[in-house]
Amino acid sequence: MSVSLTFPDGSVRAFEAGTTGLAVAESISKSLAKKAVAIALDGQLLDLSDPVTDGKIEIVTRTDPRALELIRHDAAHVMAEAVQSLWPGTQVTIGPVIENGFYYDFKRVNKETGEDWPFTPDDLPKIEKKMKEIIQRNDPFTKEVWSRDEARKVFGDMGETYKVELVDAIPEGDDVKIYRQGKWFDLCRGPHMASTGQIGTAFKLMKVAGAYWRGDSNNPMLTRIYATAWATQEELDQYLHVLAEAEKRDHRKLGREMDLFHFQEEGPGVVFWHGKGWRMFQTLTAYMRRRLAGTYEEVNAPQVLDASLWETSGHWGWYQENMFAVKSAYAFTHPDDKEADNRVFALKPMNCPGHVQIFKHGLKSYRELPIRLAEFGTVHRYEASGALHGLMRVRGFTQDDAHVFCTDEQMAAECLRINDLILSVYEDFGFKEVVVKLSTRPEKRVGTDALWDRAESVMMDVLKTIEAQSGGRIKTGILPGEGAFYGPKFEYTLKDAIGREWQCGTTQVDFNLPERFGAFYIDQNSEKTQPVMIHRAICGSMERFLGILIENFAGHMPLWIAPTQVVVATITSDADDYGREVAEALRDAGMVVETDFRNEKINYKIREHSVTKVPVIVVCGRQEAENRSVNIRRLGSQAQTSMSLDEAIASLALEATPPDVLRRQEAKKAKTAA
């Protein structure tokens with residue numbers, strides 16, 4: 001018997017049954033076999049030692065992106081061996097690969113006291129050193145298949161009670177696989193690379209944390225060691241650099257330093273905006289309002305609606321666990337009062353059902369379409385306490401939400417119009433690297449296949465147009481099966497200053513809500529026709545977008561959105577009157593200005609305002625007062641620029657002008673000149 005393998009170049013070769021992946025690699029070239037770490041058979045990664053079967057084969061080398069998961073998986077095994085070598089008797093539990101690395105959970109007990117003995121950060125360097133020794137040994141990974149009884153006995157005799165529990169959890173009929181590296185072995189599904197030496201040394205143990213066994217707080221607490229691993233030292237260094245930068249840019253830290261907002265236990269997941277932070281929020285909102293002017297009608301739907309509306313929309317069934325339900329306090333305190341309103345209401349988790357109600361109010365003609373409704377609507381969604389993360393993950397936030405009601409024929413043009421607006425907004429904030437991906441139909445969905453076919457076809461054409469119009473600057477892609485249950489969608493992901501990706505904007509076609517609520521317009525044949533409903537968000541969550549901006553700019557906000565744009569600081573008290581004149585002139589030019597006339601040295605003042613990330617400090621002394629000039633210091637720079645007061649006001653006012661206003665002014669000048 002033989003097996004037939006198809007190679008990436010399309011060639012087909014026959015091999016004897018039982019031939020391993022390594023033997024296939026050797027049949028191509030010895031050098032390829034030395035570089036190989038695994039094979040991919042019909043896309044599934046397998047050990048080099050596994051026998052091949054009919055299918056499409058690829059030889060995976062260490063430089064292949066798919067090998068990164070194997071590097072991390074193997075490193076987890078090596079970490080577990082290192083821990084048990086250093087502290088015999090420690091139980092190993094599970095050690096999966098995660099984004100950017102891996103972790104392993106351990107149970108270590110002090111033999112003298114019998115008490116738990118968690119690992120600490122001080123233990124990590126010892127473990128790393130032992131891991132490098134194991135990697136240097138270059139032990140081969142070998143796979144064995146044991147019977148369930150044998151595995152239970154061996155791990156039971158070793159005192160590995162958690163491993164026994166894992167063996168019992170393996171479904172009947174599945175193999176119980178054991179992987180060895182030298183004398184050490186572990187229960188594992190695999191696959192693994194050929195040997196520990198192929199892991200390399202581009203890894204680092206990052207932190208320790210507590211973790212309940214199987215994530216259940218009723219189970220024992222374990223110690224989790226997190227680590228990262230990469231194919232090269234350069235990749236590891238870059239990752240650690242990004243982490244260090246991210247820590248410096250953490251919006252929660254900068255929010256405290258800049259006095260923008262805070263959180264507290266009495267309001268979990270909701271933002272307490274301070275004056276400066278709220279000023280930024282309002283500046284962002286005002287910018288977005290200007291961008292929508294003339295094309296969208298801003299509306300406002302109720303914050304609290306009867307649960308029956310959410311039942312009709314489908315959210316009560318699809319999304320109920322993420323919603324906040326409320327009753328009147330009177331209904332709770334007077335349960336026997338038959339006159340009390342005992343209805344259940346819900347805080348809105350999204351604006352769309354309310355916008356459908358507004359669309360439905362009054363008869364609509366096809367001549368009125370498209371109708372574009374926008375709302376800066378505050379919504380509330382339940383998030384687990386452990387998932388809350390500053391402005392990035394909250395329970396109450398504001399969406400720059402909009403819904404377009406249009407005909408089927410208008411769908412493509414509306415999606416392109418939305419795309420142009422989204423990309424233009426991102427560019428105004430300096431985000432030029434954007435990826436647009438089309439998420440297609442999920443397994444569980446509403447609507448007929450014909451509706452999905454039509455919507456996906458239109459959006460695929462739009463996606464091609466987006467890429468073509470950008471000249472390749474905007475990258476595009478497909479996310480199969482990732483669409484919403486009610487329709488396909490575009491997802492807009494932008495890249496920040498340190499290379500992190502943030503998914504923000506969306507454009508979603510909806511078959512569900514117009515049908516459920518019976519929304520219609522009168523078409524040219526005087527018949528009732530269901531409109532296409534397009535959901536659109538640009539920032540997504542205004543709070544989250546501000547968090548992204550703060551981190552992207554590391555608090556060094558562009559002058560037009562900075563909460564305090566200028567501080568006027570005097571060197572001596574006899575310049576205070578001139579300083580007041582300068583501050584007033586800057587305010588008259590439309591800027592947000594603070595003054596600092598304290599009896600402190602100017603360098604102290606500059607340092608203090610630099611901590612709060614004030615972008616411009618205008619310094620006034622006796623000489624500046626005499627010359628009617630100012631000395632300008634920029635955040636993050638030691639340089640000083642001296643200029644006349646009038647020149648400084650004109651320059652700073654221009655810089656503080658929002659980009660959309662600046663474009664409008666320039667267009668007006670060009671029109672006047674023409």
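All values below were derived from every heavy atom in this structure, side-chain atoms included, with hydrogens, water molecules and symmetry-related copies excluded.
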More than 12 heavy atoms from other groups under 6.0 Å of [atom1] on [X]:
X	atom1	result
E368	CD	yes
Q638	CD	no
E298	CD	yes
E297	CD	no
K437	NZ	no
R622	CZ	no

Where do [X] and [Y] come nearest, in terms of heavy atoms and distance?
X	Y	result
K432	I474	O-CD1, 4.5 Å
I71	A229	CG2-CB, 4.3 Å
Q565	A656	NE2-CB, 3.8 Å

| said: Quick one, R395 with E543, criterion salt bridge (Lys or Arg N to Asp or Glu O under 4.0 Å). Give me CA distance, side-chain angles, the key distance, then yes/no. | reply: CA-CA 11 Å; R395 289 177 175 171; E543 286 79 359; over 6 Å; no

Answer yes if the side chains of [X] and [Y] hold a donor-acceptor pair under 3.5 Å, and no otherwise.
X	Y	value
Q303	H380	yes
N631	S642	no
E608	Y604	yes
R252	H389	yes
E501	T493	no
E624	S629	no
H262	Q264	yes
W230	T228	yes
T572	D574	yes
Y578	E626	no

| said: Run E383 and R393 through salt bridge (Lys or Arg N to Asp or Glu O under 4.0 Å) and show every step you take. | reply: CA-CA 8 Å; E383 299 280 357; R393 198 76 176 265; 3.1 Å; yes

| query | With R291, which of D660, D400, D428 fulfils side chain to side chain donor-acceptor pair (under 3.5 Å)? | reply | D428

| field | Test ring pair (Phe, Tyr, Trp, His ring centres under 6.0 Å) applied to F429 and F553, W502, W560, the passing residue | value | W560

| query | Rounded to the nearest 0.5 Å, what separation is found between the CG atom of D401 and the NE2 atom of H355? | reply | 6.0 Å

| What is the distance from atom OG1 of T570 to atom CZ of R580, rounded to the nearest 0.5 Å? | 8.5 Å

[X] (side chain) donor-acceptor with [Y] (main chain) under 3.5 angstrom:
X	Y	answer
Q238	E234	no
S651	A648	no
Y426	I538	yes

| Aromatic rings F405 and H403: how do their planes relate, parallel, tilted or perpendicular, breaks at 30° and 60°? | tilted

| note | Sorted by chain and number, sequence neighbours left out, side chain to side chain donor-acceptor pair (under 3.5 Å) with E427 holds for none

Is the closest basic N to carboxylate O distance between [X] and [Y] below 4.0 Å?
X	Y	result
K605	E600	no
E414	R372	yes
R663	E666	no
K276	E257	no
E551	R249	no

| message | Would K348 and E375 count as a salt bridge (Lys or Arg N to Asp or Glu O under 4.0 Å) here? Give the steps. | response | CA-CA 13 Å; K348 65 176 178 180; E375 179 176 0; 2.8 Å; yes

| Residues Q282, T285; criterion side-chain hydrogen bond (donor to acceptor under 3.5 Å, both in side chains); working and verdict | CA-CA 5 Å; Q282 291 300 323; T285 304; 4.9 Å; no

Please say whether the positively charged group of [X], taken as NZ for Lys or CZ for Arg, lies over the ring of [Y], i.e. under 6.0 angstrom from the six-membered ring centre and within 45 degrees of the axis.
X	Y	result
R536	Y296	yes
K364	F359	yes
R224	Y103	yes

| said: If you define the side chain from C-beta out and look only at heavy atoms, does anything of N419 sit under 4.5 Å from V462? | reply: no

| query | With a 4.5 Å heavy-atom cut-off, do V304 and L347 have their side chains touching? | reply | yes

